[in-house]
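Here is the structure we will look at, set down as structure tokens.
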Amino acid sequence: MASKKQRKSKLEDSDSDSGPDDRNPPAKKGKMEKASAASTSDDNEMFKLSKYRYVSVREFRGKLMVDIREYYEKDGDMKPGKKGICLNMEQWNALKEQMENIEAAIKKY
């Protein structure tokens, strides 16, 4: 059985669909549907991808993260859901480096 410290390390390095927001949700942002393509709230920039999907850049436990997350509406407010991924800067840079390859794969379809 893994020790408490090993389990914590595994949680922090997780590549699962749910990121750190699942444990510590960000502060309320209010109605994001009224937001423009990018808005600033609590030093977090939000970039709208679709009606319920946003990208934010924020700090989590002292590390800069790119969070791609689905939101849901409850009581007139948009709230972060469990579906999403939070990329650290190493993962974000690796994704950016693969963009040409990803675009090429998309064009094959």
Side-chain angles (χ1 to χ4, degrees):
M1 183 168 201
S3 71
K4 197 174 200 177
K5 189 174 184 177
Q6 289 171 328
R7 284 191 301 261
K8 183 179 177 187
S9 177
K10 286 181 182 178
L11 285 173
E12 290 173 354
D13 295 335
S14 175
D15 287 333
S16 70
D17 283 345
S18 57
D21 278 8
D22 299 337
R23 292 182 291 281
N24 296 317
K28 287 185 178 181
K29 306 251 187 281
K31 277 230 175 208
M32 283 191 279
E33 302 218 20
K34 294 180 182 177
S36 60
S39 64
T40 304
S41 175
D42 300 328
D43 294 331
N44 292 339
E45 288 194 74
M46 302 291 294
F47 302 93
K48 187 173 183 176
L49 300 178
S50 65
K51 184 175 181 181
Y52 293 108
R53 194 167 290 161
Y54 291 82
V55 176
S56 64
V57 178
R58 62 188 184 80
E59 199 170 15
F60 179 75
R61 295 186 180 175
K63 295 181 181 178
L64 192 58
M65 309 294 272
V66 175
D67 190 16
I68 305 167
R69 187 148 311 274
E70 285 189 3
Y71 284 72
Y72 63 96
E73 197 167 346
K74 182 177 180 184
D75 300 327
D77 289 329
M78 296 296 285
K79 302 197 180 266
K82 291 183 179 182
K83 283 187 174 183
I85 186 166
C86 201
L87 304 173
N88 62 34
M89 288 300 96
E90 181 181 341
Q91 294 164 332
W92 173 249
N93 288 325
L95 177 62
K96 288 191 316 182
E97 288 174 9
Q98 293 297 324
M99 280 300 172
E100 286 184 27
N101 295 333
I102 294 168
E103 286 289 333
I106 290 170
K107 288 178 182 176
K108 289 180 183 177
Y109 289 93

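Values below: all heavy atoms of this structure, side chains included; hydrogens, waters and symmetry mates excluded.
- The structure places NZ of K63 at 11.5 Å from CE of M89, a figure rounded to the nearest 0.5 Å.
- Scanning all heavy atoms of the two residues, the minimum distance from K82 to R69 falls at O-NH1, 3.2 Å.
- Interatomic distance, CD of E73 versus OH of Y52, reported as 5.0 Å (0.5 Å rounding).
- Of the possible polar contacts, one joining the N88 side chain to the E90 backbone as a donor-acceptor pair under 3.5 Å is found.
- Here the closest non-hydrogen pair linking I68 and L49 is CG2-CD1, 4.2 Å.
- Neither Y72 nor V55 shares a network with the other; the hydrophobic side chains, linked directly or stepwise wherever heavy atoms of I, L, V, M, F, W or Y lie under 4.5 Å apart, form separate groups for each.
- We find the CG-CE distance between D67 and M46 to be 8.0 Å, quoted to the nearest 0.5 Å.
- The two residues R58 and F60 have their closest heavy-atom pair at NH1-CB, 3.6 Å.
- Side-chain contact between V66 and L95: absent, with no pair of heavy atoms (C-beta onward) separated by less than 4.5 Å.
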